[in-house]
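These notes concern the structure reproduced below.
Only a predicted model underlies this, so the values are computations on that prediction, with no experimental measurement involved. Numbered from 1 within each chain, the chains take letters A, B, ... in sequence-line order.
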Number of protein chains: 4
Amino acid sequence: MTTLRTVKVHRIGTAGPDDIEGLRRAIDDGEIDPKGIVAILGKTEGNGCVNDFTRGYTSHVLKHALASWRGSAPDAIARDVAIVMSGGTEGGLSPHLLVFEVGAIGLAPSEAVSVVPSLAVGVAMTRAFAPEEIGRMPQVEATADAVRRAMQEAGIESARDVHYVQVKCPLLTKQRIADAHQRGRSVATLDTYRSMGYSRGASALGIGLALGELRADQVCDSEICSNAALYSGVASTSAGIELMENQILVVGNSPRWGGDLVIGHGVMQDAIDTDAVFDALAPLTLSEPGRLTRAERERVVAVLAKAEPSASGEIRGRRHTMLDDSDIQASRHARALVGGVLAGVFGDTQLFVSGGAEHQGPDGGGPVAVIASRAPSRLVPR
Amino acid sequence: MTTLRTVKVHRIGTAGPDDIEGLRRAIDDGEIDPKGIVAILGKTEGNGCVNDFTRGYTSHVLKHALASWRGSAPDAIARDVAIVMSGGTEGGLSPHLLVFEVGAIGLAPSEAVSVVPSLAVGVAMTRAFAPEEIGRMPQVEATADAVRRAMQEAGIESARDVHYVQVKCPLLTKQRIADAHQRGRSVATLDTYRSMGYSRGASALGIGLALGELRADQVCDSEICSNAALYSGVASTSAGIELMENQILVVGNSPRWGGDLVIGHGVMQDAIDTDAVFDALAPLTLSEPGRLTRAERERVVAVLAKAEPSASGEIRGRRHTMLDDSDIQASRHARALVGGVLAGVFGDTQLFVSGGAEHQGPDGGGPVAVIASRAPSRLVPR
Amino acid sequence: MTTLRTVKVHRIGTAGPDDIEGLRRAIDDGEIDPKGIVAILGKTEGNGCVNDFTRGYTSHVLKHALASWRGSAPDAIARDVAIVMSGGTEGGLSPHLLVFEVGAIGLAPSEAVSVVPSLAVGVAMTRAFAPEEIGRMPQVEATADAVRRAMQEAGIESARDVHYVQVKCPLLTKQRIADAHQRGRSVATLDTYRSMGYSRGASALGIGLALGELRADQVCDSEICSNAALYSGVASTSAGIELMENQILVVGNSPRWGGDLVIGHGVMQDAIDTDAVFDALAPLTLSEPGRLTRAERERVVAVLAKAEPSASGEIRGRRHTMLDDSDIQASRHARALVGGVLAGVFGDTQLFVSGGAEHQGPDGGGPVAVIASRAPSRLVPR
Amino acid sequence: MTTLRTVKVHRIGTAGPDDIEGLRRAIDDGEIDPKGIVAILGKTEGNGCVNDFTRGYTSHVLKHALASWRGSAPDAIARDVAIVMSGGTEGGLSPHLLVFEVGAIGLAPSEAVSVVPSLAVGVAMTRAFAPEEIGRMPQVEATADAVRRAMQEAGIESARDVHYVQVKCPLLTKQRIADAHQRGRSVATLDTYRSMGYSRGASALGIGLALGELRADQVCDSEICSNAALYSGVASTSAGIELMENQILVVGNSPRWGGDLVIGHGVMQDAIDTDAVFDALAPLTLSEPGRLTRAERERVVAVLAKAEPSASGEIRGRRHTMLDDSDIQASRHARALVGGVLAGVFGDTQLFVSGGAEHQGPDGGGPVAVIASRAPSRLVPR
C-alpha cells in the first residue's frame with residue numbers, strides 16, 4: 001500500500017477572540033492531531049484596522065494552547081505554525097478558525113495509477129529582513145524564492161496548480177525605522193501604518209513573480225503600492241508586528257497528495273463579481289452553471305477572499321460611499337459587501353474575507369479561493 | 001383607441017443628499033413630467049439611525065424643487081407626493097432616487113382583449129392619529145382600511161397581485177406624549193425612538209390584515225413589536241416626524257394598467273436567502289433557474305428589500321456579530337449584508353435596502369420586491 | 001451725541017440642523033435686525049468629517065431663511081453674510097449658532113473722551129482663486145491682503161487688537177483639478193479631501209503674515225501643511241465646496257466701536273492647556289486668578305477654539321489613542337477633549353470648538369478666543 | 001518601633017492591552033513586591049461597551065504574569081487580586097494601570113501619638129450568587145455585608161472615611177438564565193447586556209446601604225435601575241462574566257495605616273461639575289481655592305471618576321447629542337467629556353474615568369475620588 005500526504009481543513013466557529021473550545025474538543029475527540037497542524041487562519045471580530053486587538057488576543061491564546069497540546073514552547077509554535085488572524089466580521093461574516101492539518105493517507109494499489117490531484121500545502125520562511133528592505137525589492141525577491149521553495153515542498157510542479165498563497169509579513173515600527181536611520185539607510189515609508197501596506201504589497205508582488213503572473217522587468221521599488229495594474233490573483237498577505245521574516249503558506253493541488261479536498265480560485269474583477277466565484281468552483285464540476293445545489297454547498301470547507309473598496313468610488317458605474325464615510329472605515333464596508341456577495345452564493349457566512357489587498361487582485365476586486373471535497377470520495381482514509 | 005394608466009419608475013443616482021440634478025435633467029429633457037410624480041423613494045447616505053439628517057435634507061430639497069416644478073406650495077407637495085427617504089448605504093449600496101410617475105398609454109383595439117397585468121400603483125392616506133393611537137390597534141385598523149382603498153384606486157382586485165406596500169407613518173415626540181398625558185391617555189411607549197418601531201410595526205400589521213396574510217383575531221396591542229411570527233411579506237414601513245397620518249403606496253400588477261413593467265416579490269427567510277429573490281423574479285420568466293443573464297439584469301428597474309439582524313444572533317447556525325458590535329449599529333451591518341447578497345444576484349448596487357423591519361417578513365429576513373420590464377415590449381407608448 | 005458702530009453676538013441653541021426657530025423668534029421679537037447680520041457661525045451635530053451633511057443642511061436652511069427675512073436672493077446672502085458651519089458636537093458640546101449683528105450705538109459727549117476699546121468686526125473677500133492657486137502662496141498672499149482690508153474696515157489699527165480671524169476657503173474637486181490640468185497647471189494635491197487641509201493651512205498662514213506672527217521669508221509652498229512650527233494664534237479656517245474665494249471675518253477690539261463686549265485670546269499649547277484660556281480672559285479682569293466666578297461665567301457670550309490630536313501621540317508625556325482609533329476619527333476625539341476642558345472652566349457646553357487646525361496654533365494645541373461683556377456697562381445702548 | 005500597614009498606588013502607562021512591561025520593570029527594579037499586590041485597576045483602549053475585548057485581553061495577560069511572579073496558579077490570582085479593567089480611553093484619556101500594593105511601614109515612637117489618617121484598603125468577597133439573585137435584593141444585601149467586612153479589615157471605623165468602593169460583580173448569560181428557569185426561578189432581566197446594568201446597580205445600592213447613604217426602607221427590587229435618585233457617592237461597580245460573587249475593594253483613610261497617601265472624594269452633580277473635584281481634593285489643603293498649583297498636581301497619584309450621559313439630554317440647560325448619536329455610543333462621549341473636564345483641572349490625562357454609572361452618583365454626574373500624597377512627608381518608609 002502506498003502512502004500519500006494529505007491535508008485536512010477544519011472550519012471551527014468561535015464564540016469570541018479567546019474561544020478555542022471548539023478546537024480543544026476536536027483534539028480531545030481525536031479528530032485533530034495537534035502535531036499535524038501547520039497553519040491556522042482565523043476571522044476575529046475586531047475592526048480589522050489599526051486598533052484591532054482581537055487578532056493579537058486570539059493569536060496569544062492559540063499560541064499558548066498549541067504549546068501545551070504539542071508539548072513545546074510558545075516561541076517554537078510561532079515558528080512552526082502559521083497563525084494568521086484577520087480582523088473584521090462586518091455584515092454577516094461569522095468568526096471562525098480554519099485549521100490546516102497535515103497527515104498521511106493509504107492508497108490501495110489499484111488506485112495508485114489513476115490518482116487525481118488533491119489539496120496540497122507547503123510552507124516556507126524567508127530570511128529576516130532589515131527594516132530598509134521591507135516594502136522594497138529585497139522583500140519581493142525573497143518572497144518569490146520562498147514561494148518556489150514552498151511549492152517544491154508541497155510537490156506542486158506548475159504555477160497553474162497554485163490557488164492560494166498566504167503570507168504573513170513584517171511591518172515597520174518607530175524602533176525599526178530608527179535602527180535603519182542609525183545605519184544610514186532610508187525606509188520605504190516613515191508612516192508605520194502605511195508600512196503594513198508596503199509590506200503586504202511587496203509580498204504580493206513576490207508571489208506574482210514566483211508564479212509567473214508578473215515579469216521581473218515589471219516590478220521595481222517605485223511600482224510597489226503605486227501601480228494597481230500589477231497584481232497576483234492568488235495572493236493573500238497580512239502584516240504583523242511579531243516577525244521580521246515572511247512566513248509563506250502555499251495551497252494548491254498535487255497528484256502527490258491524497259484526500260477528498262481540492263482547491264480552485266478565481267479573480268473577482270470587482271466586489272460583486274460572482275462569475276469569478278464560479279471560476280473558483282471549476283474543480284467541483286457543478287451540476288448547473290452559475291449556482292450551487294444544497295449538496296454542492298455542503299462540500300465546501302473554506303472560502304478565502306480579499307476585499308477592498310474601489311479607488312474609483314464606483315462599482316460598475318454606480319457610486320459607492322465607502323471612501324467618504326468617516327464613521328465606518330472603508331475596508332469594513334468592503335468586507336461586509338464581499339461577505340454578502342459570497343454568502344448569497346454559498347448559503348453560508350463562515351467566510352474568510354479579509355481586507356488590505358495591495359497588489360492582490362485588481363482595484364476594487366480580489367482573489368477568491370474555495371476548498372471543497374470532491375464527491376463521491378475515491379480515497380479511503382487510513 | 002383605449003387609454004390605460006401606466007406608471008414609469010425612474011432610477012436616478014445621486015452624488016449627495018442635496019443632489020437633484022439627475023431628476024432636474026430628466027424633467028428638463030422631457031423624460032419625466034413633474035406633475036405625474038406620485039412617489040419618490042430614496043436611499044441616502046446617512047447612518048439610517050437616530051441622527052441621520054440626510055433623509056430630512058433630501059426631503060427638504062425635493063419638496064422645494066417639486067413645489068417649484070409643479071407650481072404649488074411645498075406643503076401641498078407633502079400631501080400629494082409620497083416622499084420616503086431611507087438612510088444607510090452600507091457596503092456597496094449606491095445612493096439613488098426611485099421616482100414613480102403615473103401617465104397614460106394608448107392601446108390599439110387589437111390589443112385590448114389580450115392585455116396582461118402591468119405595474120399599478122395606488123395611494124391613500126389614513127386620518128391623522130392621536131398620539132395614543134400610534135403603535136396600537138387604531139393605527140393597525142386604519143392602515144388596513146387605507147391599503148384597501150389604495151388597492152381600489154389602483155384597480156388591483158386580488159391581494160395576490162399586491163407585491164409591495166410602502167407606508168410612511170408618524171412617531172411620538174415628547175410634546176405628543178405630553179399631549180396624550182394631559183388628556184389622561186397612555187401611549188404605547190415613553191421612549192420616542194422606540195415609538196418609531198411601534199408605528200412601523202402597527203403599520204405592517206395593518207398591511208398584513210388588509211391583504212389576508214394575517215387574521216383579525218391574531219392581531220392585538222400586546223402582539224405589536226412582540227410576536228415576530230406575525231408579519232406581512234410585502235410591507236415596507238418607515239416612520240417620520242413630519243406627519244400624523246399614515247401615507248400609503250400600494251404597488252402591484254393590474255390588467256387595468258398598461259406598460260412594460262411588472263412587479264414580483266418573495267420573502268427572504270434569512271438575510272442570505274437568494275431563493276426568495278428568484279421568487280420575486282417569477283413574473284420575468286427567466287431563461288435559467290437561479291441566475292440572471294446580463295440581458296435579464298438590464299430589465300430590472302428597482303429592487304426593494306428589508307434588512308434586519310436576526311435576534312437569534314445566528315444565520316443558518318453560524319454566529320453573527322451584528323448585535324454585539326457597539327461601534328457599528330446592527331441595522332447598518334444588516335443593510336450591508338443584504339445589499340451584498342442582492343448585488344451578487346443583480347450585478348448592481350443601486351438597491352433600495354432599508355432597515356427597521358418590525359413585522360415585515362420573518363426575524364432576520366424580510367420582503368424583497370423587484371420591478372422589471374417584460375421583454376419584448378407589447379405596448380406602444382403613446 | 002456721537003454714534004459708534006457696535007456688534008452684538010447672539011448665542012442661540014438649536015434642536016437639530018434644520019432648527020432656526022430660535023433665530024426666527026429673536027427676529028420676530030425685535031431682538032435681532034436680520035439686515036444687521038454679518039456672520040453666523042454654527043456648531044452642527046454631524047461628524048465634522050467628510051460625510052458631514054449637517055453643515056450643508058444648516059447653511060441651506062439659513063440661506064433661504066435669511067433671503068426671506070432680508071428680502072434678497074439666496075445667492076446674495078452667500079455673498080453678504082459669512083455662514084460658517086463647523087460639524088461635530090462630541091462629548092458634551094451643544095449645537096448652537098453664533099449670530100454677529102452690527103448696529104449703531106449712541107455715546108454721551110462726556111463718554112467720548114474715555115472710550116475703551118470694544119468688540120469690532122470687519123469682513124473682506126479675496127478674488128476667486130484658480131484651482132492651481134489653492135493651498136499655495138497666491139492663496140496665502142491674497143488672504144493676507146484681505147485680512148488687512150478687513151482690519152481697516154473694522155477700524156482695528158494694531159495686529160495686537162485682533163483676537164480671532166475666521167476664514168472660509170475653497171477646496172479642490174475632481175472637476176477643478178481637471179480644469180487646472182487642461183490648462184497645463186498642477187495642483188497642490190490630487191486628493192480632494194487633503195485639499196481642504198491645504199486650503200485651510202494656506203489661509204491660516206495668510207492670517208499669520210497679515211498680523212506679523214510670521215515673516216514673509218518663512219512661508220513658501222513647501223512649508224504649507226508640512227512645517228507645524230509656523231502658525232497663527234488667532235486663525236480659524238474652514239474649507240467649503242461652495243466658494244472659490246476666501247471669505248474673511250476679523251474680530252478684535254477697537255476704540256471706534258461701542259458696546260459692552262470685548263474679545264481676548266490665548267494659544268493653547270496642548271489640548272488641556274487651561275492657562276491659555278485665562279490668557280483669553282485677560283480683558284475681563286477676573287476677581288481671582290485661574291478661575292471664573294458664577295457671575296463672571298455669565299458674562300461670556302462666545303468661546304471659540306480649535307482642536308486637533310497631537311501628532312506625537314502624547315499629551316504631556318502621556319499616550320493618547322486618538323490617532324490609532326479606527327472606529328472614531330481623531331478629530332472627533334480631539335473636539336470632545338477640548339470641549340470637556342473648556343466646559344470645566346466655563347461651566348457651559350455651548351462652545352464653538354472646531355477641528356482641522358493646520359497652522360492654527362501649535363501641534364496638538366490651538367487658539368482659543370472668548371467674547372464677553374465688561375461689567376458694569378459704561379455705555380448706554382441707543 | 002511600631003509597624004503600620006501602608007498601601008502604595010503605582011500609576012503605570014501602557015502601550016497596548018498586552019503591555020505589562022512597565023509593571024514588569026517596576027517589579028524587576030524592586031519598586032513593587034508582586035506578593036503585596038491586592039488590586040489592579042486599568043483603563044484599556046477598547047470601546048468600553050459590549051464587544052470590548054481589550055479588558056479580557058489585559059486581564060488574561062496580567063493573570064498569567066502575576067501567577068508567574070507570585071509562583072501561584074492563574075486561578076488563585078483571580079481570587080487573591082482584584083483585577084478590574086475599564087475599557088474606553090476616549091478624548092485624551094491615557095491607558096494605564098493603577099496597582100495597589102500593601103506593605104508595612106515603621107513608625108518612630110515619637111510619631112505614634114500624633115498619627116494622622118492615611119490611605120487604607122480592605123478587600124472582601126460575597127458568596128457566589130444564584131442567577132436569580134443578580135440585580136436584586138440578595139445581591140444588594142450581600143454586597144452591603146461585604147463592604148462592612150472590608151471596612152473592618154481595613155480598620156476604617158466610620159463610613160465618612162470611605163471614599164471609594166470598587167466592586168466587580170457578575171452578569172447573566174443565556175446559560176445562567178436557563179439554569180434559573182430550570183429551577184423555576186425568574187431573573188431580573190432576560191437581556192444579558194442589561195443584566196450588567198442591574199448587577200452594577202444592585203452592587204452600588206449595597207454600597208450605599210453599608211455606608212448609610214441610603215436607608216434599608218428605600219431600597220427594593222423595583223427601585224433597582226429605575227429610581228435614579230437613589231445612589232452612592234463613592235461607588236464604582238463593574239460587571240464581568242468570569243465570576244459569580246461580588247469582589248469588593250474599599251478605599252478610605254484610617255489612622256491604623258501609615259504612609260503619605262490620602263484619599264478624598266466628591267460627587268459631580270453633572271458632567272462638568274469641577275466644584276466636586278475640589279471637594280475630593282479637600283484632604284490636600286490646597287494653597288488656592290478652585291485650582292491646583294503645579295506642585296500640587298504632582299502629588300496626585302490617581303483620579304477615579306464615573307461618567308454617564310444625563311438622561312435629560314441636557315447639561316445645565318444646554319442640549320447634548322450623546323444619546324442621539326448612532327455612530328458613537330453615549331458612554332464613549334461621556335467618558336471623553338468627563339476626561340476633558342478632569343484633565344483641565346489636573347493637567348494630566350492618566351485618569352481612571354469609567355462608564356456604566358447605575359446608582360453611582362446622580363443622573364449625568366458621578367463620584368470622583370482622588371488619591372494624593374500629603375507633603376511634606378512625616379513618615380519614614382521602613
Side chain, backbone, both or neither: which part of C:Asp327 has a heavy atom under 4.5 Å from chain B?
->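 For C:Asp327, side-chain heavy atoms alone lie under 4.5 Å from chain B.
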Take atom CZ in C:Arg194; do more than 12 heavy atoms of anything else shown fall under 6.0 Å from it?
->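 12 or below, so no.
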Spell out the residues in residues 41-65 of chain B that have some non-hydrogen atom less than 4.5 Å away from a non-hydrogen atom of chain C, in order of number; otherwise answer 'none'.
->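 Within residues 41-65 of chain B, the residues that come under 4.5 Å of chain C (heavy atoms only) are B:Glu45, B:Phe53, B:Thr54, B:Gly56, B:Tyr57, B:His60, B:Val61.
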